[in-house]
J.: 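Okay, here's the structure, questions in a sec.
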Amino acid sequence: MADSRTFSATYRRIYAAVRLVPAGRVATYGDIAALAGLPGQARLVGYALHALPPHSTVPWHRIINARGGLSLERSGPGGGLAQRFLLESEGVAFEASGRVPLARYRYAPRRSHARAPR
DNA sequence: CATTTGACATCTT
DNA sequence: TAAGATGCCAAAT
């Protein structure tokens with residue numbers, strides 16, 4: 001667990017949503033935020049995962065950005081390698097461009113090919 | 001208590 | 001396609 005008492009209820013919601021993602025599947029920060037009941041708070045998801053203790057059982061590696069890329073790479077070089085390895089271990093294949101085909105592995109797919117109405 | 005910062009997403013130029 | 005700007009929230013300083 002992610003030291004539930006150390007984190008806010010909001011974070012706990014996020015962690016719970018992340019745990020809903022089955023192995024071999026990925027989800028975007030936005031999806032997790034929506035699952036956690038915090039639509040639009042994708043940023044909080046990323047921050048929550050960053051604050052996640054190493055001993056937690058939360059499958060943080062299954063959370064990627066909307067481009068299908070690993071956000072860890074963006075923050076620090078080499079950081080995404082571990083995440084990529086974990087995902088590949090679960091059967092997630094990466095494209096040559098280094099991205100994950102969301103259309104295939106994305107969990108809780110919303111508007112697969114359409115954009116959100118405004 | 002106020003300011004800064006951060007594993008993002010989405011729109012606009 | 002790329003780059004810049006904005007919104008949102010919590011934790012750290």
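Residue numbering restarts at 1 for every chain, and letters A, B, ... go by the order of the sequence lines. The basis for the numbers below is simple: all heavy atoms, side chains too, and nothing from hydrogens, waters or symmetry mates.
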J.: To the nearest Å, how far apart are A:Arg106 CZ and B:dC8 C1'?
T.: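 After rounding, the reported distance stands at 13 Å.
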J.: Return no unless some side-chain N or O of A:Ser71 is found under 4.0 Å from OP1 or OP2 of B:dC8.
T.: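 Yes, because at least one side-chain N or O of A:Ser71 sits under 4.0 Å from OP1 or OP2 of B:dC8.
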J.: What is the separation between atom OH on A:Tyr15 and atom P on C:dC9, rounded to the nearest whole Å?
T.: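 To the nearest whole Å, that distance equals 17 Å.
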J.: Take the protein atom OH of A:Tyr29 and the nucleotide atom P of B:dG6, then report the distance between them rounded to whole Å.
T.: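 In whole Å, B:dG6 P and A:Tyr29 OH are 15 Å from each other.
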J.: Answer yes or no: does a side-chain N or O of A:Thr10 lie under 4.0 Å from OP1 or OP2 of C:dC9?
T.: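 For C:dC9, neither OP1 nor OP2 has a side-chain N or O of A:Thr10 closer than 4.0 Å.
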J.: Using atom OH of A:Tyr11 as one end and atom P of B:dG6 as the other, report the distance to the nearest whole Å.
T.: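 The answer, rounded to whole Å, is 13 Å.
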J.: Donor-acceptor pair, distance only, cut-off 3.5 Å: does the side chain of A:Arg62 make one with the backbone of A:Val21?
T.: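 Checked: pair present.
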J.: Looking at residues at least two apart in the chain, or sitting in another chain, which of them share a side chain to side chain donor-acceptor pair (under 3.5 Å) with A:Glu88?
T.: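 In terms of side chain to side chain donor-acceptor pair (under 3.5 Å), with neighbours along the sequence ignored, A:Glu88 is linked to A:Arg84.
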J.: Which value, rounded to the nearest 0.5 Å, describes the distance between A:Leu87 atom CG and A:Phe94 atom CZ?
T.: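 A:Leu87 CG to A:Phe94 CZ: 4.5 Å, rounded to 0.5 Å.
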J.: Are any protein N/O atoms closer than 3.5 Å to N/O atoms in nucleotides 6-8 of chain C? If there are, list each pair with its distance.
T.:
from  : atom 1 : to      : atom 2 : distance (Å)
C:dG7 : O6     : A:Arg43 : NH1    : 3.1
C:dC8 : O3'    : A:Gln41 : NE2    : 2.8
C:dC8 : N3     : A:Arg43 : NH1    : 3.0
C:dC8 : N4     : A:Arg43 : NH1    : 3.1

J.: Pick from A:Val58, A:Asp31, A:Ile14, A:Val18: which one makes a side chain to side chain contact (heavy atoms under 4.5 Å, CB included) with A:Ile63?
T.: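 So, applying the side chain to side chain contact (heavy atoms under 4.5 Å, CB included) to A:Ile63 and each of A:Val58, A:Asp31, A:Ile14, A:Val18, only A:Val18 qualifies.
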J.: Go through the structure and list residues passing ring-ring contact (aromatic ring centres under 6.0 Å, His included) with A:Tyr11, not counting sequence neighbours.
T.: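 ring-ring contact (aromatic ring centres under 6.0 Å, His included) list for A:Tyr11, sorted by chain: A:Phe7.
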J.: Once you round it to whole Å, what is the distance between C1' of B:dG6 and CH2 of A:Trp60?
T.: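 To the nearest whole Å, that distance equals 17 Å.
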J.: Between A:Arg25 and A:Glu90, is there a side-chain N and carboxylate O pair less than 4.0 Å apart?
T.: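 The answer is no: the pair does not qualify as a salt bridge.
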J.: What's the CD1-C1' distance between A:Ile63 and B:dC8, to the nearest Å?
T.: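 So the CD1-C1' distance, A:Ile63 to B:dC8, works out to 12 Å.
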J.: Taking CD1 from A:Ile64 and C1' from B:dC8, how many angstroms apart are they, rounded to a whole number?
T.: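 These atoms are roughly 13 Å apart.
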J.: So, taking the atom named CH2 in A:Trp60 and the one named CD in A:Gln83, what distance separates them when rounded to the nearest 0.5 Å?
T.: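 It is 5.0 Å, given to the nearest 0.5 Å.
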J.: Please determine if a side-chain N or O atom of A:Thr28 lies less than 4.0 Å away from the OP1 or OP2 oxygen of B:dC8.
T.: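 No, because none of the side-chain N or O atoms of A:Thr28 sits under 4.0 Å from OP1 or OP2 of B:dC8.
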J.: CD1 of A:Ile14 versus P of C:dA10: gap in Å, rounded?
T.: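 Taking CD1 of A:Ile14 and P of C:dA10, I get 9 Å after rounding.
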